[in-house]
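Working notes, structure below.
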Amino acid sequence: MIRKILCWFLILVFVGYSIGLIESKFYECKAGSGSGPNNNFGYGTGFFEHSFVMEIWLESASESVPQALIVIEGYHPETFMLTGHRSPDYDRIALTWNNTIGGYWSYWVDLDTMMLIQEEGKVALNPLSLQSLMQLENVTAHNLAILEEVITTIQSARHGELPPPSVNNYKLGNPLNGLIRHRTSASGYVLWHVAGAWAIAWTVFGLFGLIRITRQKNCQAYKRVLDGI
């Protein structure tokens, strides 16, 4: 009995380690050269931290109007995830704006109330407040659509609806003109999906085998009792 359990355990460890090693190499190659085992863009089960940066350009209404850039940054602290290759529910987001003539401001976003937070106080996050903060007097219909999409994007980050982490940048679709970089890194040991499936399957197999052996022993013991009567 002990020998069978030991044999089962050794197979579990050896095969699981081999599968995990192959799987980790596959994901490292998929993530890109030099990424390392802790920067595999969320593949596997373990503790991951996430971050993203989104850059959005506003068009100029005329040559006299400076071009402006909106930057949305989010960070999600290390947390356990069954699969890190997805967007978490971000709860820390910063919104920054600057233009080509030196205009600049940066706010934290209170995602529960959708308010912009600065030392001077709070400002409601909506297209009109953004238009005022960015000093856009003659805002184009396209830029107004962008401002509305900025708010929608922030809400998407709050609900974990951003594209999954990737080695490549995502190009934002219309009406947004820009890109998003979404990154993640693992902390400590990561259980790869195939290796985890193997561990579960082999454990279930071992439990059924143990139950079977136990039943056989009980039947034999019961039979000996009946023979002795």
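Just so you know, these numbers come straight off a predicted model, no measurement behind them. Hydrogens, waters and symmetry mates are skipped; everything else that's a heavy atom, side chains included, is used.
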When you compare the side chain of [Y] with that of [X], does any pair of heavy atoms fall below 4.5 Å?
X: Asp110; Y: Lys122; result: yes
X: Glu49; Y: Tyr75; result: yes
X: Ser87; Y: His182; result: yes
X: Asn177; Y: Leu172; result: no
X: Tyr104; Y: Thr96; result: yes
X: Leu130; Y: Leu125; result: yes
X: Met134; Y: Leu58; result: yes
X: Leu133; Y: Tyr107; result: yes

* Asked: Met114 and Gln155: side-chain contact (heavy atoms from CB on, under 4.5 Å), yes or no, with the steps?
  -> CA-CA 9 Å; Met114 291 300 289; Gln155 292 173 334; 3.8 Å; yes

Say whether, by atom type as modelled, one donor and one acceptor occur between the side chain of [X] and the main chain of [Y] under 3.5 angstrom.
X: Asp89; Y: Gly160; result: yes
X: Ser156; Y: Thr152; result: yes
X: Asn99; Y: Gly103; result: yes

* To do: Taking salt bridge (charged side-chain N to carboxylate O under 4.0 Å, His left out) as the test, write out the residues that go with Arg92, two or more places apart.
  =>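 Checked Arg92 against salt bridge (charged side-chain N to carboxylate O under 4.0 Å, His left out); zero matches.
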
* **Residues that Phe52 engages under ring pair (Phe, Tyr, Trp, His ring centres under 6.0 Å), provided they are two or more places apart** =>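 Ring pair (Phe, Tyr, Trp, His ring centres under 6.0 Å) list for Phe52, sorted by chain: Tyr90.
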
* Asked: Are Val123 and Met115 connected, step by step, through hydrophobic side chains (Ile, Leu, Val, Met, Phe, Trp, Tyr) whose heavy atoms are closer than 4.5 Å?
  ->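 Shared cluster, no.
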
* Asked: Would Val71 end up clustered with Val150 when hydrophobic side chains under 4.5 Å apart are linked, directly or stepwise?
  ->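 No.
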
* Could you go step by step and tell me if Arg158 and Leu111 meet the side-chain contact (heavy atoms from CB on, under 4.5 Å) rule? -> CA-CA 7 Å; Arg158 176 68 180 91; Leu111 294 171; 3.3 Å; yes

Considering non-hydrogen atoms only, spot the tightest contact between [X] and [Y] and give its length.
X: Ala124; Y: Ser129; value: O-OG, 2.6 Å
X: Ser166; Y: Arg183; value: O-NH1, 2.6 Å
X: Pro77; Y: Asp91; value: CD-OD1, 4.4 Å
X: Ala68; Y: Trp97; value: CB-NE1, 3.2 Å
X: Glu148; Y: Pro127; value: CG-CG, 3.5 Å
X: Thr184; Y: Gly84; value: CG2-O, 4.5 Å

When rounded to the nearest 0.5 angstrom, what is the spacing between [atom1] in [X] and [atom2] in [Y]?
X: Leu176; Y: Glu149; atom1: CG; atom2: CD; value: 5.0 Å
X: Met81; Y: Thr45; atom1: CE; atom2: OG1; value: 10.0 Å
X: Phe47; Y: Glu78; atom1: CZ; atom2: CD; value: 6.5 Å
X: Met54; Y: Ile154; atom1: CE; atom2: CD1; value: 8.5 Å
X: Leu144; Y: Gln131; atom1: CG; atom2: CD; value: 6.5 Å

* Test Asn169 against Ile180 for side-chain contact (heavy atoms from CB on, under 4.5 Å), laying out the working first. => CA-CA 6 Å; Asn169 297 332; Ile180 175 174; over 6 Å; no

* To do: Dump the intermediate steps for side-chain contact (heavy atoms from CB on, under 4.5 Å) on Leu147 and Ile70, then the final yes or no.
  => CA-CA 10 Å; Leu147 297 181; Ile70 301 173; 4.1 Å; yes

* **Option among Ile151, Ile117, Leu116 that satisfies the side chain to side chain contact (heavy atoms under 4.5 Å, CB included) test with Leu95** =>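 Option passing the side chain to side chain contact (heavy atoms under 4.5 Å, CB included) with Leu95: Leu116.
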
